[in-house]
Amino acid sequence: MKYNFNDIERKWKAYWNENKTYQIADTSDKPKFYVLDMFPYPSGAGLHVGHPLGYIATDIYARYKQMQGHHVLHPMGFDAFGLPAEQYAIETGQHPAVTTEKNIARYKEQLNNIGFNYDWDRAIQTSDPNYYKWTQWIFTKLFHSWYNPASKKAEPISTLIALLEREGNASIAKDGMDIFSAQDWAAYDEKTRRDVLMQYRLAYLDNAEVWWCEALNTVLANDEVVNGVSERGGHPVEKRKMSQWFLRITDYADRLIEGLDSLDWSEAMKEMQRNWIGRSEGAAVRFKVQESEREIEVFTTRPDTIFGVDFMVLAPELDYVSEIASQDQKEEVEKYIQYVKSRSERERMAEKKISGCFTGAYAIHPFSGKAIPIWISEYVLAGYGTGAIMAVPAGDDRDFAFAQHFNIPITNIFGDRFTGEAAYSDKQGTIENSDFISGMSITQAAQAVIAALKDKNIGTSRVNYRLRDAGFSRQRYWGEPFPIVYKNDIPYTIDEDALELNSADRELPVLLPHVDSYGPGPEGQGPLANIESFVHIQNSKGETLRRETNTMPGYAGSSWYFLRYMSPKEDKAFVNEEACKYWQQVDLYVGGTEHAVGHLLYARFWTKVLFDLGYLSFDEPFKKLLNQGMIQGSSRFVYRIAGTTNQFVSAGLRHQYETHPLHVDVSLVDGLVLDTARFKQWRADYAQAQFILEDGKYICGAETEKMSKSKYNVVNPDDIVREYGSDTFRMYEMFLGPIEMSKPWDTKGIEGVHRFLKKLWRLFYDEQSGQYLVVDEAPTAEELRALHKSIKKISEDMERFSFNTSVAQFMILTNELTELNCHKKAILTDMIKLICPFAPHIAEELWQQMGHEGSVIKADYPKFEEKYIVESEKNYPVAINGKHRTNISFPLTAEAADIEPVVLANEVVQKWLDGKAHKKIIFVKGRMINVIV
RNA sequence: GCGGGUGUGGUGAAAUUGGUAGACACGCUAGACUUAGGAUCUAGUGCCGCGAGGCAUGGGGGUUCGAGUCCCUCCACCCGCACCA
């Protein structure tokens, strides 16, 4: 009887399905464990072998935890809304709802093929109205909340209104906001009041600069723009001022940084988030402009260098630049602004050349009264700080380069440490040549300057962030509609009384209407703006109101999906209270690093808001985060001789010719040897291909690259499963190496793991005779030792997510039992339990063959017992002066008898030394005895 | 430039607290059984050397009886951010 994995796997997949083996209750008396994968976006390309890596790891860990006695939630779902789905729909001429359904069905099929323990009844899909109803609901909560800086948390907007009614906005006014009193507030009309509130709401409408992508016809969030082009498709982007929804994530900047300390995430990941938030402490200083009412505020992290200010630089985009420019410089300034505008974001990033223009205006130094020339330059960014800097060329590399380029004299405030050759940017030593702070250390000087600024009321200490508020509007179709209706151009959520909507229209969800075309609406609006029946809505008074026509971005649905899994069918709330209290945080979250600053930051932000508002009892969503590495493709190349159309030379001989390497489909290559006959059939162009062989073979070149269709290196898990079975596939993915590391896929290596499963099978069956070998006899000490050694090792490995070494240990155990010719039921029963999380199909089959009741999946994990692995005698390596010489044996009863190991070791070694002189005997950590002579 | 990470055989990699480096596999080399093998099994396989032995964890230095592991320094590669004031 052979190991017929196809039959076995089909049988057990059907069994699990019928018996709903993986169905799981919302709550339980058992301790909980929540394991989560980053849910996939179902693309048209389907899964390749790299995708399931993390899913296999979580599946194994979830099964392991469940066998350890936990109630485990390990759900799966689909991130179905978003830009790529719509682009794909446009390309293929189908409705995104249709393509999304199709892709999801395909994904489910592929995932089921691998044998995961998902309870598909709990699956969620962000584009499902029953789901996005609650995404819209959370949006309304964000809209009706504000961040109270006093309590440092989100509160209902009603507490803000109460505050404004009581005392006006003096205590909470934001930068550039007019101060008003309680009386003023009382006198304001509805529109003015709502405008004020809008400046506090966590979801707010603002006319602000955003990234606009012409090709995609929509705005993008900062994290969706990478290296000056759109993340999706790599299209150019530009800054544009538009009326847009934003989420006020910047209010949470500090809490998002502080929260990281409590999380078990990799340092790299935390660092990425910290950098993205980009907190920096310094001072804000206001400079007066000569012969003008204008004041320019700058942000600096080095207030101690204030006496080294030789010029100021403004971002060219600032609107007051032309206002302050002197008459004779106006033309130059305009020319420079035009030049900057003409440069795309990409060009700016690619070539960082020094450019700038003097405005003709001067600022007045706040302490020395010195006139400071004001320049504009593109190296100062409008979006960071105040868009204006005080330039200290003696202490800053960029300022130094700028001063050199434009021949601006440099003031030395660092004594000998500033050579005049380069800026002195080290933060060491004292400040010199600086009036009242001369001779002070940097920190002293900074404090003294800030105190002086406060005294003169021209500045203060300031914390600045790189993080911007998150753009939340997309001018696209395939996303959640906003639950927003405008009345007199004031936005309201649909449940607000002021709209006087009919009761049916006040209910969530606001359904996404069906459209036939995804063309843009008028004036940069989305496709929804073209649908008359959607845009206009009649209220109970017969007034015609206007709906918001933008949709929410892709990250809206993924910012809270982990909560929905807890009670996916709940229809009274976004999450069932009981279930949420039970499941709490995600204990283990597995996914790639690409979501470091997008999804993971937004999800943390939403969780904190929901926590503040009292809907959750935890304020961090993901306790432990594990970043799986990428499985790369191993590409193969053939070398076409230059100037020919179909002459190919084998890799070893290619240097004798001038060649062009061409990707060749990996399925046509065995290792490095090309199947030349199939290559000729691969494409019509190659039908007449001629080969220059070496040793009668055509050897291909190889390179590790990202797995992608265009590189012909994609391996489909379905093919692997068909050929080797999903148990082999699962184990091999784990065996490949540590889960966090990126590594290339190598189909050849899978044989080793497959051989192991066949070997395991042979512990149960003689393949030739078909005889069942398992016997019900008492195991020997040696067999028990082999088993328990493995239980110990594998359990320890599981706890530290070292799946590759676990698989190795299975192989060792199988080899040992084969060598011992052990077919004892007691041993094999525990062994099968150990293997079950990794290879559930074969485990179920063998479990049944042994005559056990029920499913091995529901069995208890084997308990490790120390007594079985204590050896009667143990070999200890002995070293003289650290040099290993020999092994000596002595009884291990020491541990049982509570004798100090050192004493025992001394005794044994003394005997072994036979009276030879020695200085010291060291017994190290129970592993080695070292004799110093 | 800043931040994070990684360097171990031909390859993927083990070595959890410093204690016999290279487990477990792939590949390769022999051999067995076979009409055949891309099936299965057995043996070998870090490097140099006939050998005893010597050398080996990116390079150099240090701490230690003992270092892949700890410290310093240099180098290479990968990832993230990047004119961030």
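It should be emphasised that the depicted structure is a prediction, and the values quoted were computed from it without experimental measurement. In what follows, chains carry the letters A, B, and so on, assigned in the order in which the sequence lines appear, proteins first and then strands, with residues in each chain numbered from 1.
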Touch class at under 4.0 angstrom, heavy-atom based, for A/Glu796 against every strand present: base

Between B/U34 and B/U29 - P atom distance, rounded Å: 23 Å

Same-atom distance (P) from B/U73 to B/A23, integer angstrom: 34 Å

Neighbour count >12 (heavy atoms, 6.0 Å) for atom CD, A/Glu819: no

Base orientation of B/G61, syn vs anti, 90° cut from 0: anti

Sugar-phosphate only, base, or nothing, as touched by A/Phe756 at under 4.0 Å among non-hydrogen atoms: nothing

Sugar-phosphate, base or nothing in reach of A/Pro744, heavy atoms under 4.0 Å: nothing

Expected output: side-chain A/Asp397 to main-chain A/Ser425 donor-acceptor under 3.5 Å: no

Touch class at under 4.0 angstrom, heavy-atom based, for A/Val380 against every strand present: base

Any A/Arg466 side-chain nitrogen or oxygen under 4.0 Å from OP1 or OP2 of B/A85: no

Sugar-phosphate, base or nothing in reach of A/Arg762, heavy atoms under 4.0 Å: sugar-phosphate

Ring geometry between A/His599 and A/His595 (parallel below 30°, tilted from 30 to 60°, perpendicular above 60°): perpendicular

Distance test, side-chain N/O of A/Asn804 to OP1/OP2 of B/A14, below 4.0 Å: yes

Sugar-phosphate only, base, or nothing, as touched by A/Lys270 at under 4.0 Å among non-hydrogen atoms: nothing

Touch class at under 4.0 angstrom, heavy-atom based, for A/Ile812 against every strand present: sugar-phosphate

Touch class at under 4.0 angstrom, heavy-atom based, for A/Arg274 against every strand present: nothing

Ion pair check, A/Asp746 and A/Lys748, cut-off under 4.0 Å: no

A/Glu799, CD: over 12 other non-hydrogen atoms inside 6.0 angstrom: yes

A/Arg800 side-chain N/O to B/A15 phosphate OP1/OP2 under 4.0 Å: yes

